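These notes are about the structure you will find just below.
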Amino acid sequence: MGKSFEMMGLAAFNIFIAIILSSVFLTKGGSSSVNSLTESNIERFINDVTAISGGQRDDMDAYSVTDFLMTHIAENSNFKTEIEYGLPDMPSNMRTLEMDKMNFISHTLQGMKAMTRHESAVRIEYIKIADSGKSAKVMTTNYERGIMPVSDDFGEARMMPVTGTSYCEQELVLSGKNVIQMAGANCSTSIDFSDSY
């Protein structure tokens with residue numbers, strides 16, 4: 001497949017990580033004003049992403065997704081994941097990726113264009129809401145798979161199946177405007193590229 005991960009194209013790798021992280025909170029369910037965080041509005045905020053990241057939300061174009069993300073990501077947010085990734089016929093490697101709000105939005109929009117036959121699912125492991133109702137810690141397991149373009153040794157793009165599993169602890173907050181926002185996420189992610197879907 002090639003000598004190094006960099007030859008595959010780090011852009012494709014970063015796009016897939018953004019897609020995994022986006023499944024944490026890309027949802028219209030949290031866009032309305034709420035007075036306090038509850039298990040119900042947190043679950044809706046997280047679970048609705050399956051429709052968006054799976055390409056089932058035809059009502060959201062790139063502009064509306066950007067607008068939503070600008071509203072629902074806190075200004076000083078930080079998304080971090082420790083990634084183990086495997087390539088066909090090569091040993092596993094580890095990498096750390098961090099993204100701020102604007103990088104995250106950029107990669108998410110690129111990922112929406114790049115990934116085809118994309119499927120996603122998220123399972124909420126637990127929700128712990130602060131006594132104030134203004135913040136919460138949420139643990140999720142996110143599953144993603146799809147086909148994406150990856151550069152080969154000769155710089156030619158080929159479509160390659162990719163799957164990912166991510167375990168994330170997320171911090172949700174209620175903004176001054178009573179809007180649910182993602183303040184950060186720490187994830188452990190496993191990604192596999194393969195020759196068959």
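All values derive from a computational prediction rather than experimental measurement.
- Under the 4.5 Å side-chain criterion, counting only non-hydrogen atoms from C-beta, Glu84 is not in contact with Asn93.
- In this structure a side-chain-to-backbone donor-acceptor pair under 3.5 Å is present from Ser175 to Lys177.
- Legend: residues meeting side-chain hydrogen bond (donor to acceptor under 3.5 Å, both in side chains) with Glu169, ordered by chain and number and at least two apart, are Tyr126.
- In this structure, Val173 and Ala183 approach most closely via the heavy-atom pair CG1-CB, 4.0 Å.
- Interatomic distance, NZ of Lys137 versus CG of Asn186, reported as 8.0 Å (0.5 Å rounding).
- Of all the heavy atoms in Cys187 and Ser166, the pair that sits closest is CB-OG, 3.5 Å.
- With hydrophobic clusters built from ILVMFWY side chains whose heavy atoms lie under 4.5 angstrom apart, Met139 does not share a cluster with Ile180.
- Closest approach of Glu39 to Ile129, counting heavy atoms only: N-CD1, 3.6 Å.
- Closest non-hydrogen pair, Phe79 versus Asp100, comes out as CD1-O, 4.4 Å.
- Shortest non-hydrogen contact noted between Gln181 and Thr71 is NE2-O, 2.9 Å.
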Exercise. Output, in order, the C-alpha distance, side-chain angles, deciding distance and verdict of side-chain hydrogen bond (donor to acceptor under 3.5 Å, both in side chains) for Thr140 and Gln170.
Key: CA-CA 8 Å; Thr140 59; Gln170 307 138 48; 2.5 Å; yes
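- The shortest distance between side-chain heavy atoms of Glu125 and Tyr167 does not fall below 4.5 Å.
- When only modelled atom types and interatomic distance are considered, Ser106 and Asn103 share no side-chain donor-acceptor pair under 3.5 Å.
- Thr81 places no side-chain N or O within 3.5 Å of a backbone atom of Ile83 that could act as its donor or acceptor partner.
- Side-chain contact between Leu172 and Met182 is present, with at least one heavy-atom pair separated by less than 4.5 Å.
- Here CE of Met102 is found 8.5 Å from CD of Glu75. Values are rounded to the nearest 0.5 Å.
- A donor-acceptor pair is defined here as one N or O able to donate and one able to accept, closer than 3.5 Å; no such pair exists between the side chain of His72 and the backbone of Val179.
- With hydrogens and angles left out, the side-chain atoms of Glu82 and Ser188 include no donor and acceptor closer than 3.5 Å.
- Residues Ile147 and Val162 form no side-chain contact, since every pair of their non-hydrogen atoms from C-beta on lies 4.5 Å or further apart.
- Within the 4.5 Å cutoff, the side chain of Ser135 has no heavy atoms near those of the Leu174 side chain.
- One distance of note links CE of Met99 with CG of Leu97; it measures 4.5 Å at 0.5 Å rounding.
- Although no hydrogens or angles enter the test, the distance criterion places no donor-acceptor pair under 3.5 Å between the side chain of Asn178 and the main chain of Ser36.
- Across every non-hydrogen atom of Lys101 and Ile73, the tightest pair is NZ-O, 3.0 Å.
- Asn78 meets the side-chain hydrogen bond (donor to acceptor under 3.5 Å, both in side chains) test with Glu98; sequence neighbours excluded.
- Rounded to the nearest 0.5 Å, atoms CZ (Phe45) and CG (Leu37) are 9.5 Å apart.
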Practice problem: Could you check Ser40 against Ile42 for side chain to side chain contact (heavy atoms under 4.5 Å, CB included), going step by step and ending with a plain yes or no? | Solution: CA-CA 5 Å; Ser40 177; Ile42 287 172; over 6 Å; no
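- Here the OH-OG distance, from Tyr85 to Ser92, works out to 9.5 Å after rounding to the nearest 0.5 Å.
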